[in-house]
Amino acid sequence: LFFRDAQVNLTADHLLDGLLTADFSYRSCRSRYEFTAYHQKSSHKPSPYLIAKLRKQEALQKRCGPGTAAYKKALRRLESGSGGAATDIDECRYLVNISFRGLGNRMLAVTSAFLYAVLTERVLLVHWGNNGGGAGLFCEPFPSATWTLPRAAAGNKRYSPLGNLDEYNEGSENSLGNILQSGGAVVSDAAGGNVSWSWAPPRRRPPAYVYLHLAGGYGFHDKLFFCGAQQRLLGEVPWLLMRTDGYFVPGLFLTPPFAGELDAMFPEKDAAFHHLGRYLFHPSNAVWRAVTRYHRANLAGAGRRVGVQIRVFQEKQPPQQVLDQLLSCVRRDKLLPPENETTNDAVLVTSLSSWYGERIRAEYGGRVAGGVHQPSNEGEQRWGDGAHDARALAEMYLLSTCDLLVTTGFSTFGYVAGGLAGLRPWVMARPSPWEEWTEAQAKAAATTEPACRRAISVEPCFHSPSYYDCAAGKDVELDKVRPYIWRCVDVSWGIQLV
Ligand code: GDP
């Protein structure tokens with residue numbers, strides 16, 4: 001490729017039209033500047049306002065991040081347990097993202113937390129979790145700062161007043177939901193527009209930290225996070241901890257105090273993840289080497305790259321059914337050459353099982369000159385295994401280099417690949433991962449559903465939105481509130497920016 005040494009002339013293309021700065025050396029993180037060499041040119045340009053907000057956030061991360069005097073001060077204050085609104089104008093406020101679940105989930109969660117941090121002028125720190133090191137997978141995204149929460153704050157009770165971050169859940173005393181329910185904050189006007197802390201009367205002081213539980217199945221009071229009044233309240237809290245496993249960005253568009261800013265940042269709403277994901281995530285050199293080697297050996301020569309992501313959530317679902325669904329999708333929408341025709345395509349298959357790659361090769365190997373390739377077959381999802389996570393990350397990026405994608409509904413792994421690529425994939429329907437697999441479901445799926453549907457946008461689906469309209473005081477149909485928010489094709493109760 002064209003990079004030989006550190007003296008590289010970076011162009012607007014390398015820097016993704018201004019999303020990135022040239023503040024990192026080329027050698028320290030090759031993927032940062034080589035993304036463009038392996039991907040189609042994006043049809044979406046980031047807005048000048050988004051770029052300005054990113055630069056502002058970088059300055060904040062540098063001024064307040066771990067290792068700075070401001071960080072030490074904030075940590076001391078947290079340790080002393082003293083709450084109270086940030087009085088000092090220079091005082092920094094923090095958002096700690098507690099990562100959990102698979103890598104796709106973790107990436108979508110970090111993206112959402114990052115956008116929330118930008119909107120609320122907080123420093124984002126990520127607790128990558130004890131079951132998997134995001135730290136070794138990604139380069140730092142912010143110049144001269146780390147986004148990884150240092151151990152002293154993440155560790156056990158001896159080191160941190162926050163305790164074990166992996167143990168926070170909906171039952172935690174300092175969760176927003178429990179504070180609101182136990183009278184820790186009071187609603188002081190009838191319309192619910194004004195809420196204030198009733199902490200430590202008679203002086204109304206915000207707590208030193210609040211935990212935000214924003215994971216699937218969260219309750220009514222935790223969902224009040226998406227209300228303007230609660231956001232004003234949270235603004236006074238120096239430390240926020242957040243546990244989320246998904247893409248709640250569409251929910252931020254529905255939160256009144258953020259709507260105007262988001263409108264200015266994202267004139268094209270359907271490119272929010274496409275920009276934020278390409279801004280934040282840069283595979284480490286080791287992961288990137290695996291991506292580029294595999295790409296050069298197997299995909300680079302093809303006229304067109306077709307990516308197929310097969311994810312099976314129900315163990316009992318017969319593999320043949322999954323394969324039939326894929327083949328029927330591919331045939332109906334003519335995504336690969338029909339019998340007796342050949343093309344210069346290459347097919348990239350990602351799946352935990354090697355069987356799919358083998359079957360697709362048996363079916364299409366003779367028709368696609370670029371071959372059918374499956375980089376790995378891990379068997380099953382594993383936790384706390386860095387090499388396993390690295391392969392998953394490499395495969396998401398390999399998929400994102402494709403010209404056309406067929407992905408599996410519900411899968412955050414597929415959302416990340418499509419979002420990075422800026423492609424609207426063909427999405428194969430799946431029953432909800434939480435349901436038991438039944439034959440009845442299989443029949444219903446085969447008869448009533450098309451095998452796949454083209455996604456309506458590049459954006460990931462928000463699986464667990466709050467339907468509550470805080471101003472109206474009742475649930476609403478979310479796809480009728482804003483013209484740019486629709487229901488997802490794969491998750492009927494989910495919403496998506498379009
Ligand atoms: P989701 O469960 O499909 O929403 O995606 P996640 O990425 O959150 O979790 C699935 C995890 O299973 C991944 O992070 C990988 O660890 C593993 N996995 C699932 N599918 C694949 C695949 O096709 N290739 C690889 N290498 N790993 C996979």
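Whatever order the structure lists them in is the order used to number ligands and atoms, beginning at 1. All heavy atoms count here, side chains included; hydrogens, waters and symmetry mates do not.
Not a single heavy atom of Arg101 sits under 4.0 Å from any atom of ligand 1. Assignment of Tyr415 to the shell around ligand 1 is not supported, since no heavy atom sits closer than 4.0 Å.
For Arg482, the CZ atom is densely surrounded, since the number of other residues' heavy atoms within 6.0 Å is greater than 12.
For the pair Lys223 and Tyr218, the distance from NZ or CZ to the six-membered ring centre is under 6.0 Å and the angle to the ring normal is within 45 degrees. Judged by a 6.0 Å distance limit and a 45° cone about the ring axis, Arg367 is positioned over the six-membered ring of Tyr364. Stacking of Arg243 on the aromatic ring of Phe100 is recorded, both the 6.0 Å distance cut-off and the 45° axial limit being met. Both cation-pi conditions hold for Arg454 and Trp426: the charged atom is under 6.0 angstrom from the six-membered ring centre and inside a 45 degree cone around its axis.
Ion pair Glu358/Arg361 not flagged as a salt bridge, since none of the NZ, NE, NH1 or NH2 atoms sits closer than 4.0 Å to an Asp/Glu carboxylate oxygen. In summary, Arg430 and Asp490 do not engage in a salt bridge, as defined by a charged side-chain N under 4.0 Å from a carboxylate O. Note on Glu268 versus Lys45: no salt bridge recorded, every NZ/NE/NH1/NH2 to OD/OE distance being 4.0 Å or above. Taking a cutoff of 4.0 Å between a charged side-chain nitrogen and a carboxylate oxygen, Glu58 and Lys53 do not qualify as a salt bridge.
Between Glu395 and ligand 1, at least one N/O pair is under 3.5 Å apart. In terms of N/O distances under 3.5 Å, ligand 1 is approached by Leu103. On a distance-only criterion, Asn105 and ligand 1 share at least one N/O pair closer than 3.5 Å.
Among protein heavy atoms, the minimum distance from atom 28 (C) of ligand 1 is reached at Leu352 CD2, 3.5 Å. The protein non-hydrogen atom at the shortest distance from atom 13 (C) of ligand 1 is Phe413 CD1, 4.0 Å.
Proximity to His388 (heavy-atom distance under 4.0 Å) selects the following atoms of ligand 1: 15 (C), 16 (O), 17 (C). Numbered from 1 in the order shown, with element, the atoms of ligand 1 that lie under 4.0 Å from a heavy atom of Thr350 read 23 (O). Atoms of ligand 1 lying under 4.0 Å from at least one heavy atom of Ser351, given by number and element, are 22 (C), 23 (O). Of all atoms in ligand 1, numbered sequentially from 1 with element shown, those under 4.0 Å from a heavy atom of Ser376 are 26 (N). Ligand 1 places these atoms under 4.0 Å from at least one heavy atom of Phe313: 2 (O), 3 (O). Listed by number with element, the atoms of ligand 1 under 4.0 Å from a non-hydrogen atom of Thr412 are 1 (P), 3 (O), 4 (O), 5 (O), 6 (P), 8 (O).
Closest to atom 7 (O) of ligand 1 by heavy atom, among Ala394, Ala417, Gly104, Pro433, is Gly104. In this comparison of Pro375, Ala392, Ser353, the heavy atom closest to atom 15 (C) of ligand 1 sits on Ala392. Among Glu380, Arg382, Arg311, Gln309, the residue whose heavy atom lies nearest to atom 10 (C) of ligand 1 is Arg311.
In the model, His282 has no side-chain atom that pairs as donor or acceptor with a side-chain atom of Tyr397 under 3.5 Å.
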